[in-house]
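Presented below is the structure to which this report refers.
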Amino acid sequence: MQPTPNPFLKLREEAAKLLNAAVDNLGFDITVSPDDLKPTRNLKFGWLCYEHALRLARTLAPPQTPQEFAEKLVSHMPESNVFLKIEAVRGYVNFYPNLNVVNHLVISSVETLGDVYGFEDLSDGRVICVEHCSANPCGPIHVGTLRNAVLGDTLARMLRHAGYRVLTRFYVEDTGRQTAIAAYGWQFVADLIKRDPRPDEKIGIVYTVVNTVIELEELRRKAATTSDPDQLSLINHEIHRRVGIIHNQMERDEALVKAVLENLSGRPVVDEIAQLNLRYEQGDENAVRLIRSMVDLVVQEFQKTLEALNISYDRWDYQSEIVWSGLVNQILSRLKQTPFVREEGGALIFDAERAAVTLGLKERLRFHFDEEIPDLTLTRSDGTALYVTKDAAYTLYKRRDSDLLINVIAQEQSLAQRQLKLLLAAIGERDAVNYLVHFSYGPVVGLSRRRGRYMTAREALEALQERCIVLLRERGELSESEINKVSRLVAVGALRYSMVSIEPDRPVQFDPKRMTDLEANSAPFVQYAYVRARGILRRAAEAGVSPNGDPSLLKESVEERLLFMIARFPESFRYAVRTLRPHVICEHLYQLARTFHRYYEAVPVIKADPDTARARARLVRCVAQVLKNGLDLLGIPVLERM
RNA sequence: GGGCCCGUAGCCCAGCCUGGACAGGGCGUCGGCCUCCUAAGCCGAAGGCCCCGGGUUCGAAUCCCGGCGGGCCCGCCA
């Protein structure tokens, strides 16, 4: 058989062909498609099985038992050189590959395709925008946000490998309340922070302090007007918590926190922050200078942090630019012409329920017919736009150069994302319900700032690298400079893998120990399998063993397992892309690596007889190739030694 | 109150789309394997009412309905 991008599909097709011939011979009106074949769970049942015989047997005239039917199928099949044995067992039809043919097919396919083996072109010419991370520029990137960034980056890589043109964007949300809060505090302490090696972390402290002070003021005002003792004790509890937060920040940088607090006292903080935001959106020179001086600093740190993790962006879009360009006002004036917008105390409110009903989009957006969709506030009473409104403008902006827009945004924003589609539909962008995709993912839970269980991306990476360094020194095979480099690459891989190896919908428990796991189901496990494979190939070359043997000499069951995993890699890729679930790739790589580690321990390559050695070296080279392709796909570094 | 997501071994996670052969791994525990291609590895043992109850089906971890438990959303925050 000729090399092919998808060897397993070839086997499916062949098995389907044989089954169709059998049902024809038997005179049944049944068509078997390649998808009706399933990979077996255990190779003792062969590589493929047909299980529909179980279901179909009873529907036939005359009815027969599944086993009878399966046996008839087998006995009425033409000969095939692809399958050595085809067996009817308990109603299944099992296909055992002819390893003389299939081994060669799989290996030559990998060798022919090389770096692109596994990556089927699934594109339709569309340009896909993947917006991800988009952290507020008022603090460092922490591990929660990192889940977003790594998922987004991996998605983008997957789509690129699937032949799409992909545009990745980071949306810098530099307008709005949160950034204004941080910038408000920043103005008093900018000089303290500017030369700090980690300004983003300091700005994070400033944000937390200012925000907490505001909350405290509010709580105290509430306490003063309440006489209900239950209510009062609840409020007091909340006040206590806030005080604790301030103390917490104090421990991190006392001078900074004190400086902020001193400057805040006696000022109408809330009003001044609102004014700052308003002036920024209006393009006031001083406000722009102030906010941008902080935002630029944080964005630089974002770039450094993300770059260290192999994450890069095609565009960095500033929310402020969208506002200043007039796009947001255009959206607002178009919305005002619809019957869905009303004014309340100067603020504009969007009647999402009415819009959805009128436009007939309730069902399409997965709202129940009797579910009341909440109103959405479009603007504050001072006229400044809220997040979803600005996002509508940004959507149209992104749409200018992309056909499909994927927003990687936490699950908790699901309602807002649906309201966003309604907003767009209301102004005539009805197609937004199709071209806008909310890629939702579950929370990282247990990140309590209260108890200081709060870890930045940088801290996670550093902790991981420390552990790698310890391990590498124990091993004593690499020089200090190599250790430095290798530990960084392993840490990057481990962190990325921990973020992307679990199903996106699932909430992940924040656990520094597990996140910094270097064993078992982790990136280093896969990276190490690659290193071992490359080690064998290096030694083989030294020993004059060329990776060019006859694949049919690969008869060990663990070799068959390796070939099976290699053959199925393109299908895993396809499934991962189709469902936008990167963890499918992790799972496949993990299984392949696991099988290879077993192989490594159990079967000698170089020391086998010369013909077998050359065949095994060839297999090892293919394993290395697939591991590399998979790791590249995930943005996880590939190393020669570790 | 309404809606969304999650529930699989002590802990963590695959499998659910497309129902099928004894439900797979990892961590941890216990016991083994480095004079041999890097032990971040391998082998073995113990550990499961697949949250509960119904339904559909020849067959349900998987599909449907109803509960329960946990998280989140319903802000002039994002």
Side-chain angles (χ1 to χ4, degrees), chain A residues 35-36 38 40-42 44-45 49 51-52 54-55 57-58 65-66 89-92 94 134 136 173 176-179 181 211 274 344-349 366-368 370-382 384 386-388 390-391 409-416 440-443 445 467-468 471-472 474-475 477 490 494 501-503 505-509 511 513-514 517-522 524-525 527-529 531-533 535-540 542-543 575 578-579 581 583-584 586-587 590-591 594 597-598 600-607 617 620 641-642:
Chain A
D35 287 340
D36 293 332
K38 280 187 112 175
T40 57
R41 262 189 318 125
N42 190 325
K44 76 183 178 198
F45 299 124
C49 68
E51 54 190 20
H52 289 344
L54 287 164
R55 185 154 36 96
R58 287 160 217 281
T65 69
V89 183
R90 302 174 59 181
Y92 293 84
N94 294 330
S134 303
N136 280 326
E173 297 179 16
R177 194 180 139 87
Q178 292 189 10
T179 305
I181 287 173
N211 190 48
E344 270 177 29
L348 292 179
I349 315 286
R366 302 209 335 255
F367 290 108
H368 290 232
D370 58 349
E371 176 186 357
E372 173 90 12
I373 308 173
D375 283 346
L376 176 71
T377 307
L378 299 169
T379 65
R380 302 184 179 89
S381 39
D382 68 3
T384 56
L386 267 356
Y387 167 72
V388 179
K390 287 184 282 195
D391 219 27
I409 296 181
Q411 208 169 64
E412 65 191 33
Q413 289 201 48
S414 156
L415 173 63
S440 144
Y441 63 93
V445 297
R467 297 180 51 158
C468 293
L471 245 107
L472 285 163
E474 271 172 20
R475 181 164 278 189
E477 285 200 19
V490 172
S501 59
I502 43 185
E503 203 196 354
D505 277 332
R506 185 185 274 276
V508 315
Q509 185 65 42
D511 180 349
K513 252 207 312 268
R514 200 172 318 117
D517 195 1
L518 299 172
E519 292 170 354
N521 193 351
S522 69
F525 182 89
Q527 288 171 316
Y528 186 45
V531 164
R532 282 182 141 182
I536 291 175
L537 293 169
R538 258 198 320 272
R539 300 279 181 164
E542 287 164 13
Y575 182 52
R578 217 189 63 207
T579 60
R581 294 191 309 164
H583 77 284
V584 170
C586 293
E587 191 62 22
Y590 175 62
Q591 295 301 338
R594 207 157 68 93
H597 280 306
R598 207 174 292 164
Y600 184 95
E601 304 276 350
V603 180
V605 174
I606 298 162
K607 288 186 175 141
V620 169
R641 291 168 213 272
M642 64 188 271

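Since the model is a prediction, treat every value here as computed from it, not as a measurement. Below, chain A is the first sequence line, B the second, and so on; all start at residue 1.
For B:rC73, the base has no donor-acceptor partner in the side chain of A:Ser414 [N/O atoms by modelled type, under 3.5 angstrom]. Applying the 3.5 Å distance criterion, the base of B:rC37 shares no donor-acceptor pair with the side chain of A:Arg538. Side chain A:Tyr575 to base B:rC17: a donor-acceptor pair is found below 3.5 Å. Checked by distance alone, A:Arg55 brings no side-chain donor or acceptor within 3.5 Å of a matching partner on the base of B:rU18.
Using cut-offs of 30° and 60° on the angle between ring planes, the pair A:Phe525 and A:His597 is perpendicular.
If you check every strand for non-hydrogen atoms under 4.0 Å, A:Ile373 touches nothing. Residue A:Phe367 is out of contact with every strand shown, counting any heavy-atom pair closer than 4.0 Å. Using a 4.0 Å heavy-atom criterion, one finds that A:Pro604 contacts the bases of the nucleic acid, with or without backbone contacts as well. Residue-level contact check: A:Arg58 touches the bases, meaning some heavy atom is under 4.0 Å from a base atom. Heavy atoms of A:Glu503 sit under 4.0 angstrom from primed sugar atoms or phosphate atoms, though from no base atom.
Among the nucleotides B:rC42, B:rC76, B:rC37, the one closest to any side-chain atom of A:Ser381 is B:rC76. When distances are taken from the side chain of A:His583 to each of B:rU38, B:rC5, B:rA14, the shortest belongs to B:rA14. Comparing B:rC37, B:rC17, B:rU38 by their nearest atom to the side chain of A:Arg532 picks out B:rU38. With B:rC6, B:rC77, B:rC37 as the candidates, the nucleotide lying closest to the side chain of A:Asp505 is B:rC6. Nearest to the side chain of A:Leu415, among B:rC6, B:rA21, B:rC74, sits B:rC74. You'll find that the side chain of A:Glu601 is closest to B:rC42, out of B:rC77, B:rC22, B:rC42. Closest contact between the side chain of A:Arg41 and the listed nucleotides B:rC76, B:rC37, B:rC22 involves B:rC22. Closest approach to the A:Cys49 side chain among B:rC27, B:rA21, B:rC37 is made by B:rA21 (side chain taken as heavy atoms from C-beta onward).
Taking atom P on both B:rU57 and B:rU62, the two are 16 Å apart, rounded to the nearest angstrom. Across B:rA39 and B:rC34, the matching C1' atoms stand 6 Å from one another, rounded to whole Å.
A donor-acceptor distance shorter than 3.5 angstrom exists from the side chain of A:Thr579 to the backbone of A:Tyr575, with no hydrogens or angles considered. Counting only distance, with no hydrogens or angles, the side chain of A:Thr379 and the backbone of A:Leu348 share a donor-acceptor pair below 3.5 Å.
Mapping A:Glu477 and A:Ile502 onto RNA chain B via the closest heavy atom, the residue that lands nearer the 5' end is A:Ile502. Comparing A:Ala416 and A:Lys607 by the nucleotide of RNA chain B that holds the closest heavy atom to each, the one mapping nearer the 5' end is A:Lys607.
Glycosidic conformation at B:rC68 (O4'-C1'-N9-C4 for purines, O4'-C1'-N1-C2 for pyrimidines): anti, more than 90° from 0.
Residue ring and nucleobase are stacked for A:Phe45 and B:rA21, with a centre distance beneath 5.5 angstrom and an angle between planes beneath 30°.
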